[in-house]
J.: 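Structure below; questions to follow.
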Amino acid sequence: MSYREEFMKRAVDISRRALSEPGTEPFGAVVVKDGKIVGEGLNHSLAHFDPTSHGEIEAIKDACRTLKSVDLTGADMYTSCEPCAMCVATMEVAGISRLFYASSMAQAGTAFEKLTKTERHPIDVDKVRAASGALIGDRDMPSEQHLEEEATGILEAWARMKKGQ
C-alpha cells in the first residue's frame with residue numbers, strides 16, 4: 001500500500017482540533033492497517049498532565065485497543081508533524097511499518113519560535129534525539145544501577161515461565 005491523501009487529511013484535521021479544544025496541542029495522527037484507520041490520536045499532554053500523550057502515541061494506543069494486539073506490524077502512521085524521538089521509539093516498539101508526515105520538525109520549530117517556554121513544552125528535540133540513542137553511560141542524565149541481581153532474577157524467572165507455557 002502506498003500513501004493515501006485521505007489519511008493525511010484526517011491526521012491534519014485531528015490536529016486542527018487544538019485550535020478549539022483546551023489542553024491540546026496541534027499534533028494529530030492516525031494508524032492505518034489494511035487500508036482503514038484503526039487508531040486516532042491528538043496531543044493531550046497538557047490536558048492529561050501526561051508528557052507522553054503525543055498524537056502518535058495516542059493513535060498507537062487506540063489502534064492496539066481496537067486490534068486487541070500490541071503488534072502493529074504492517075500498519076502505517078500518518079501524522080500532522082514529523083514525530084519526536086519518543087514517538088519514533090514507540091512506533092518501532094509497536095511495529096509500525098511506514099511513516100507519512102506533513103510538517104517537518106524544523107517547520108514546527110519555526111511556527112513555535114515566538115512562544116515563550118511556558119506557552120509550549122520545553123522540549124529540546126535535539127537533546128531528546130541524542131539521549132534516546134545514547135548508551136546509558138553516555139547520557140547527560142546521571143544514572144545509577146542498584147538491586148540488579150534481584151531485578152534480573154525476576155526477569156529470568158518470567159522468561160522461564162513464558163518459555164514453559
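All values below were derived from every heavy atom in this structure, side-chain atoms included, with hydrogens, water molecules and symmetry-related copies excluded.
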J.: If you measure from CG on N43 to CZ on R17, what distance do you get to the nearest 0.5 Å?
T.: 11.0 Å
J.: Could you give the distance from CD (E40) to OG1 (T66), rounded to the nearest 0.5 Å?
T.: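 It comes to 9.5 Å.
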J.: Whether the side chain of S80 engages the backbone of A11 through a donor-acceptor N/O pair (distance < 3.5 Å, no angle test) should be reported.
T.: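 No, because the side chain of S80 does not come within donor-acceptor range (under 3.5 Å) of the backbone of A11.
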J.: Just by distance, do the side chain of Y78 and the backbone of R4 share a donor-acceptor pair under 3.5 Å?
T.: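 Yes, because the side chain of Y78 sits within donor-acceptor range (under 3.5 Å) of the backbone of R4.
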J.: Is the side chain of K61 donor-acceptor paired with the backbone N or O of S53 at a distance under 3.5 Å, no angle test?
T.: no
J.: Would you say the side chain of V88 lies within less than 4.5 Å of the side chain of M86, judging by non-hydrogen atoms?
T.: no
J.: Atom CD in E25, atom CZ in F112: separation rounded to 0.5 Å?
T.: 6.5 Å
J.: Is it true that Y101 and L42 fall in one hydrophobic cluster, defined by side-chain heavy atoms closer than 4.5 Å?
T.: no
J.: Spell out, yes or no, whether I14 and I96 are grouped together once hydrophobic residues are joined by side-chain heavy atoms under 4.5 Å, including indirect joins.
T.: no
J.: Go through the steps for L46 and T24 under the test side chain to side chain contact (heavy atoms under 4.5 Å, CB included), then give the verdict.
T.: CA-CA 6 Å; L46 299 173; T24 60; over 6 Å; no
J.: Sub-3.5 Å donor-acceptor pair from the side chain of H44 to the main-chain atoms of G41, do we have one?
T.: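 No.
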J.: Where do S45 and H54 come nearest, in terms of heavy atoms and distance?
T.: OG-CD2, 3.7 Å
J.: How many angstroms lie between CD in E92 and CG in L72, if you round to the nearest 0.5 Å?
T.: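 Answer rounded to 0.5 Å: 12.0 Å.
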J.: Quick check: closest heavy atoms across P26 and A18, and the distance to 0.1 Å?
T.: N-CB, 3.4 Å
J.: Are E56 and T79 close enough that a side-chain donor and a side-chain acceptor fall under 3.5 Å?
T.: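 On atom types as modelled, these side chains qualify, holding a pair under 3.5 Å.
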J.: Check each of R16, K9, R10 against V12 using the side-chain contact (heavy atoms from CB on, under 4.5 Å) test, and report the only one that passes.
T.: R16
J.: Would you say D71 and S69 are linked by a side-chain donor-acceptor pair, where the criterion is simply a distance under 3.5 Å?
T.: no
J.: Indicate the atoms forming the closest heavy-atom contact of V30 with F7, along with that distance.
T.: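 Looks like CG2-O, 3.7 Å.
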J.: Do I60 and M77 have side chains that get closer than 4.5 Å, going by heavy atoms?
T.: yes
J.: Side chains of residues 140-151: which donor-acceptor partners sit under 3.5 Å, not counting sequence neighbours?
T.:
unit_1, atom_1, unit_2, atom_2, d
E144, OE1, H146, NE2, 2.8

J.: Do L99 and M8 share a hydrophobic cluster, counting only Ile, Leu, Val, Met, Phe, Trp and Tyr and linking them when any side-chain heavy atoms are less than 4.5 Å apart?
T.: no
J.: Does any N or O in the side chain of E82 come within less than 3.5 Å of the main-chain N or O of S104, such that one atom is a donor and the other an acceptor?
T.: no
J.: Working to the nearest 0.5 Å, report the span between CD1 of I57 and OG1 of T52.
T.: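 It is 5.5 Å, given to the nearest 0.5 Å.
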J.: Do D62 and V31 come close enough that some side-chain heavy atom pair is under 4.5 Å?
T.: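 No, their side chains stay 4.5 Å or more apart.
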J.: Is a donor on one side and an acceptor on the other found under 3.5 Å between the side chain of R98 and the backbone of D76?
T.: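 Such a contact is absent between R98 side chain and D76 backbone.
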J.: Just how far is it from atom OG of S103 to atom CZ of F27, taken to the nearest 0.5 Å?
T.: 8.5 Å
